[in-house]
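Atoms considered below: every heavy atom in the structure, side chains included; atoms not considered: hydrogens, waters and symmetry mates. In listed order, ligands and their atoms are each counted from 1. The chain is numbered in sequence order, starting from 1.
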Amino acid sequence: MDKIKMNTPIVEMDGDEMTRIIWQQIKDILILPFVDLNSEYYDLGLVHRNETKDQVTIDSANATKKYGVAVKCATITPNAQRVTEYNLSEMYKSPNGTIRAILDGTVFRAPIIVKGVEPYVKSWKKPITIARHAYGDVYKNTEMRALEGSKAELCITDKDGVEQRSLIMDFKGDGIIQGMHNTDKSIGSFARSCFNYALDTKQDVWFSSKDTISKIYDHRFKDIFNEIFEAEYKEKFESAGIEYFYTLIDDAVARVIRSEGGYIWACKNYDGDVMSDMVATAFGSLAMMTSVLVSPDGVYEYEAAHGTVQRHYYKHLKGEETSTNSVATIFAWSGALRKRGELDGNADLMAFADKLEKATIDTIESGIMTGDLYLISTLENKKKVNTTEFLEAIGKLLTEYCG
Ligand code: NAP
Ligand code: MG
C-alpha cells in the first residue's frame with residue numbers, strides 16, 4: 001500500500017501528560033502507517049516551553065499563520081503547584097490563550113456522536129456546535145466594592161479630553177460595581193469566523209444575546225453581525241442553502257432544547273462558556289468533544305476540548321493500566337488532515353480523514369470502548385479496553401478501510 005503524500009506541512013503542537021502519550025500512539029498506530037506525514041513539529045510540552053521561555057508557543061502560532069492548519073495536543077496551563085512540579089522559571093500563560101491572541105480567532109466546539117451514548121435531550125440527533133466569542137466582556141472586567149453613600153458613574157474621556165458621564169447608582173447601602181468592554185474589531189472578527197465556519201460546514205448560524213435589556217452593548221453585537229452578514233455573506237449563504245438568524249438568548253435556549261441539532265450557536269463570551277459545558281455534558285462526555293480555533297483570515301487549529309488527563313498519567317507512570325479516551329484527539333488529527341487536503345486539493349488525504357473517523361466510530365459502535373464510555377454506553381455487547389487496545393482496534397478497522 002502506497003502512503004498518502006502531503007504537499008504542504010501541517011503544524012504539529014505536542015503537549016503534556018496522558019495526552020502526550022496518546023499523541024505518539026495515535027501517530028504510530030493510526031497516521032504513520034497510512035500517511036507520509038508532512039508536519040512541522042513544535043514541542044509545547046511544559047518542559048520545552050520552560051526551556052524556550054515559552055517562545056516555542058509563539059513560534060508555533062506564527063507557523064500556523066504561515067501554513068494555515070495546525071493540530072494541537074492538550075497542554076498544562078501552569079499554576080503554583082505546576083511551577084514547583086516542573087521547576088518552572090515563570091508561571092507561563094495558557095498556551096491556548098497565547099495562540100488565540102496571535103491568531104485572533106473564535107473557538108468552535110462540537111460533540112462527536114456515537115450509538116449507545118445517547119444525549120440527555122431526546123430530540124438531539126445532530127451535533128450542536130457552540131461558537132464562543134473569546135475576547136472581552138466579564139473576562140476582562142474591572143470590579144469594585146461600593147460602600148453605602150458612594151456614587152458610581154460611568155465616564156469616558158475621548159481623545160480630545162471631552163467627558164461623557166452617566167450615573168450608574170447612588171448607593172443607599174453597600175454594594176458592588178463592575179465595568180466591562182468589547183471592541184467593534186473583535187466582534188467583527190467573531191462574526192466573520194462564524195460565517196466562514198458555517199459556509200465550511202454547511203450549517204445555519206444562530207446568534208443570540210440580550211439586546212432588549214442591553215440596548216447599546218448587546219445591540220452593538222447584533223448590529224455588527226447583521227451589517228457584516230448583509231454586506232459580505234448573504235449571497236454566499238443563499239447559494240450554500242444555509243441561513244443566519246438572530247434571536248434573544250432566552251428564545252435561543254428554548255429552541256436549542258426543542259431542536260434536533262445540526263447548527264452553529266454563536267454565543268457571547270460568558271454565554272459560550274456556560275452553554276458549551278451544558279451542551280457537552282448533555283451530549284454525554286467531554287472526552288467526545290472536538291474544538292477548532294478559526295481565525296477571521298481562515299487559519300485553523302484543531303484540538304480536543306479536554307485537558308491532559310493528569311490522573312490517568314500518574315497511573316500510567318506507576319505502571320498501572322489506563323483506559324483513556326483518545327477520540328477527541330483522533331478527531332483533532334482527522335480535522336487537520338481533512339482541512340489540509342481541502343486547501344491543497346488532496347482528495348486522498350480528505351478520504352483518509354473520513355476513514356479514520358469512521359473506523360473510530362465503528363469501533364465504539366461495535367462495543368469496544370474506553371472506561372469513560374463504558375460507564376454510560378447503552379450498548380449490550382460493550383467491552384472495556386485499555387488505552388492502547390482501543391487504538392489498536394481502530395487501527396485494525398482502518399487497515400481494512402484503507403486496503
Ligand atoms: P482534564 O484533563 O480534562 O480531566 C478531567 C477529568 O475528566 C479526568 O480526570 C477524567 O476523569 C476525565 N477525562 C477528561 N478527558 C478524558 C479522556 N480523554 N478520557 C477519559 N477521561 C477523561 O482536566 P483537568 O484534570 O482539569 O486538567 C488537567 C490539565 O489539563 C491541567 O493542567 C490543565 O491546565 C490542562 N488543560 C488543558 C486544556 C487544553 O490544552 N486545551 C484544557 C483543559 C485543561 P477521571 O479521572 O475520573 O477518569
Ligand atoms: Mg466553562
Colleague: Less than 6.0 Å separating the ring centroids of H133 and F221?
Modeller: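 They qualify: ring centres under 6.0 Å apart.
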Colleague: Given the side-chain rings of Y135 and F190, with only the six-membered ring counted for Trp, is the space between their centroids under 6.0 Å?
Modeller: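 Not under 6.0 Å, so no.
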Colleague: Flag this pair as yes if the NZ/CZ of K236 is under 6.0 angstrom from the six-membered ring centre of Y233 and inside a 45 degree cone about the axis; otherwise no.
Modeller: yes
Colleague: Can a salt bridge be assigned to the pair K222 and D211 using a cut-off of 4.0 Å between side-chain N and carboxylate O?
Modeller: yes
Colleague: Which residue pairs pass the ring pair (Phe, Tyr, Trp, His ring centres under 6.0 Å) test when at least one of the two sits in residues 245-303, sequence neighbours left out?
Modeller: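 Non-adjacent pairs meeting ring pair (Phe, Tyr, Trp, His ring centres under 6.0 Å): W124-F283, W206-F245, W206-Y263, F207-Y246.
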Colleague: So, taking the atom named CD1 in I264 and the one named OG1 in T201, what distance separates them when rounded to the nearest 0.5 Å?
Modeller: 4.0 Å
Colleague: Give the protein residues with at least one non-hydrogen atom closer than 4.0 Å to an atom of ligand 1, ordered by chain and number.
Modeller: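 Only K72, A74, T75, I76, T77, R82, N96, A287, E303, H306, G307, T308, V309, R311, H312, T324, N325, D372 have heavy atoms that fall under 4.0 Å of ligand 1, ordered by chain and number.
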